[in-house]
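The structure appears right after this line, and notes come after that.
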Protein chains: 2
Amino acid sequence: MPSRALPYRPHNHDACVSQALAEARAICQQQNARLTPTRERVLELIWQSHKPLGAYDVLAKLTSEGHNAAPPTVYRALDFLQQYGLVHRIASLNAFTGCTHAGEHHTGMFLICRACGNVLELMESSVTTAIENAARAEAFQPEAITLEVAGLCPGCQANQHHE
Amino acid sequence: MPSRALPYRPHNHDACVSQALAEARAICQQQNARLTPTRERVLELIWQSHKPLGAYDVLAKLTSEGHNAAPPTVYRALDFLQQYGLVHRIASLNAFTGCTHAGEHHTGMFLICRACGNVLELMESSVTTAIENAARAEAFQPEAITLEVAGLCPGCQANQHHE
DNA sequence: GCAAGGTTTGCAACATTATAACATTTGCAG
DNA sequence: CTGCAAATGTTATAATGTTGCAAACCTTGC
Ligand SMILES: [Zn+2]
Ligand SMILES: [Zn+2]
Ligand SMILES: [Zn+2]
Ligand SMILES: [Zn+2]
């Protein structure tokens with residue numbers, strides 16, 4: 001499996017997209033889930049960049065393509081994609097981003113640049129473990145972790161100096 | 001400063017509220033911020049329990065008290081309270097909860113019980129540090145951390161067995 | 001093939017959460 | 001008192017997400 005490019009720097013993003021789509025098709029086939037045209041198109045739209053997309057942004061792109069879509073169309077597709085671990089919802093942005101570790105059963109940690117909007121998803125099992133241990137120390141049984149870090153990506157830190 | 005009770009178990013919650021209000025008054029006085037009646041009342045309403053309250057829940061309580069309130073009334077008060085670290089917004093719930101470490105300059109970690117809805121705010125500097133280090137390892141400059149853990153609190157884990 | 005049953009989609013309406021814009025009032029300093 | 005900034009009232013609207021039901025569509029067993 002090819003490694004992922006960093007979202008911040010220019011890269012062959014078409015490769016990101018095609019890799020994500022290929023993985024999605026494989027995962028769905030393996031799990032007997034139907035990656036219907038609408039669902040696949042929504043996934044592809046979300047992967048158009050590394051900036052999370054709002055549900056209504058997706059909706060607008062669909063309708064501009066002539067697709068006869070309404071909010072439930074998008075939310076249902078997003079629900080499906082989340083269920084199979086193909087996209088993540090970023091709670092602090094009310095937006096969705098393609099999962100860069102699909103099929104790996106993980107807890108994502110998201111680095112969100114407040115300047116350029118790009119998101120990098122990390123999979124830091126040590127952080128996840130530390131969080132779970134802190135929860136269990138309070139006798140709390142953790143099930144789902146939302147971990148989102150806002151700040152400045154490397155590129156946007158550099159740009160700060162010029163202003 | 002008295003220590004905080006765990007939200008899950010029965011406790012003298014009036015003490016939680018009065019402590020929170022006293023701390024809020026002290027913090028605002030110290031910072032020359034005006035804890036106006038509306039703002040103080042909103043803070044008190046949020047502290048009515050350890051379950052986060054939606055902005056419109058607060059609004060409903062205000063109007064039911066005869067207060068002539070509209071959405072901006074509540075959101076402005078909440079903005080103020082957040083700014084001075086007196087309440088936190090829980091992104092995964094679109095709701096607000098009283099800060100149990102007001103004035104301590106911290107990053108909260110929230111344990112959210114999906115069964116009873118209570119929230120416990122932890123201040124785990126080791127977790128925070130681990131997160132920041134993971135971010136910096138990617139040359140990312142972290143500024144704000146959203147860390148919310150959904151699961152089952154001790155009480156609700158026990159109740160699961162009886163069903 | 002084809003009927004039955006479950007899944008997916010279309011569609012309309014609605015619910016919830018949050019903000020914008022502008023007028024008015026209030027508190028405070030000079 | 002006067003003038004200014006901060007806070008609030010008021011109306012409208014934007015942005016995000018859900019419900020309910022009917023139609024279209026697979027798939028599976030016969
Ligand atoms: Zn890319
Ligand atoms: Zn950036
Ligand atoms: Zn309490
Ligand atoms: Zn609970």
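Throughout, a chain's letter reflects where its sequence line sits, starting with A, and its residues are numbered from 1.
Regarding H67(B), its NE2 atom lies at a distance of 10 Å from the P atom of dT10(D), rounded to whole Å. Between R41(A) atom CZ and dT9(C) atom P the separation is 15 Å, expressed in whole Å. Between the CD atom of E40(B) and the P atom of dT8(D) there is a distance of 12 Å, rounded to whole Å. Here dC11(C) presents its P atom at 13 Å from CG of L59(A), a figure rounded to the nearest Å. Atom-to-atom, CZ of R39(A) to P of dC25(D) comes out at 15 Å; the value is rounded to the nearest Å. For the pair F80(B) CZ and dA7(D) C1', the interatomic distance rounds to 11 Å; values are reported in whole Å. If you measure from atom CG of L35(B) to atom P of dA6(D), you get 18 Å, rounded to the nearest angstrom.
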Item to complete: Decide side-chain contact (heavy atoms from CB on, under 4.5 Å) for H50(A) and L120(A); before the verdict, give the C-alpha distance in whole Å, the side-chain angles of both, and the deciding distance to 0.1 Å.
Response: CA-CA 8 Å; H50(A) 293 278; L120(A) 172 60; over 6 Å; no

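For Y8(A), the ring pair (Phe, Tyr, Trp, His ring centres under 6.0 Å) test picks out no residue, with sequence neighbours left out. Residues passing the side chain to side chain contact (heavy atoms under 4.5 Å, CB included) test with V74(A), sequence neighbours excluded: A55(A), V58(A), L59(A), L62(A), L78(A). For R41(A), the salt bridge (Lys or Arg N to Asp or Glu O under 4.0 Å) test picks out E44(A), E65(A), with sequence neighbours left out. Partners of A70(A) under the side chain to side chain contact (heavy atoms under 4.5 Å, CB included) rule, at least two apart in sequence or in another chain, are P72(A), T73(A). Among residues two or more places apart in sequence or in another chain, the ring pair (Phe, Tyr, Trp, His ring centres under 6.0 Å) test is passed with Y75(A) by none.
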Side-chain polar contacts of residues 136-147 of chain A - donor-acceptor pairs under 3.5 angstrom, sequence neighbours left out - could you list them?
{"residue": "E143(A)", "atom": "OE1", "partner": "R114(B)", "partner atom": "NE", "Å": "2.7"}
{"residue": "E143(A)", "atom": "OE2", "partner": "R114(B)", "partner atom": "NE", "Å": "3.3"}
{"residue": "E143(A)", "atom": "OE2", "partner": "R114(B)", "partner atom": "NH2", "Å": "3.0"}

Identify all side-chain donor-acceptor contacts of residues 89-103 of chain B below 3.5 Å with residues at least two apart in sequence or on another chain.
{"residue": "R89(B)", "atom": "NH2", "partner": "N94(B)", "partner atom": "OD1", "Å": "3.2"}
{"residue": "S92(B)", "atom": "OG", "partner": "E148(B)", "partner atom": "OE1", "Å": "2.5"}
{"residue": "T100(B)", "atom": "OG1", "partner": "E121(B)", "partner atom": "OE1", "Å": "3.3"}

Per-pair distances, 0.1 Å, donor-acceptor, side chain in residues 24-39 of chain A, under 3.5 Å, sequence neighbours excluded:
{"residue": "R25(A)", "atom": "NH1", "partner": "E40(A)", "partner atom": "OE2", "Å": "2.4"}
{"residue": "T38(A)", "atom": "OG1", "partner": "H67(A)", "partner atom": "NE2", "Å": "3.4"}
{"residue": "R39(A)", "atom": "NH1", "partner": "R34(A)", "partner atom": "O", "Å": "2.7"}

Distances under 3.5 Å between protein N/O atoms and the N/O atoms of nucleotides 13-17 of chain D, please, pair by pair.
{"residue": "dG17(D)", "atom": "OP1", "partner": "R89(A)", "partner atom": "NH1", "Å": "2.2"}
{"residue": "dG17(D)", "atom": "OP1", "partner": "R89(A)", "partner atom": "NH2", "Å": "3.4"}
{"residue": "dG17(D)", "atom": "OP2", "partner": "Y75(A)", "partner atom": "OH", "Å": "2.9"}
{"residue": "dG17(D)", "atom": "O5'", "partner": "Y75(A)", "partner atom": "OH", "Å": "3.3"}
{"residue": "dG17(D)", "atom": "N7", "partner": "Y56(A)", "partner atom": "OH", "Å": "2.5"}
{"residue": "dG17(D)", "atom": "O6", "partner": "Y56(A)", "partner atom": "OH", "Å": "3.2"}

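Residues A70(B) and T36(B) both approach DNA chain D. Their nearest nucleotides, taken by heavy-atom distance, put T36(B) toward the 5′ side.
Remark: N68(A) is not in phosphate contact with dT9(C), judged by side-chain N or O atoms under 4.0 Å from OP1 or OP2.
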Practice prompt. Can you check each nucleotide of nucleotides 20-30 of chain C against protein heavy atoms at under 4.0 Å and return B for base, S for sugar-phosphate only, - for none, in 5' to 3' order?
Written response: B------S---

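Within the structure, the side-chain hydrogen bond (donor to acceptor under 3.5 Å, both in side chains) test picks out no pair touching residues 125-135 of chain A (sequence neighbours left out).
Helix bend of the helix from dG1(C)-dC30(D) to dG30(C)-dC1(D): the angle between its two end axes, each built from five pairs, comes to 30° after rounding to 10°.
V119(A) and L111(A) are not part of a single hydrophobic cluster, where members link through side-chain heavy atoms under 4.5 Å apart.
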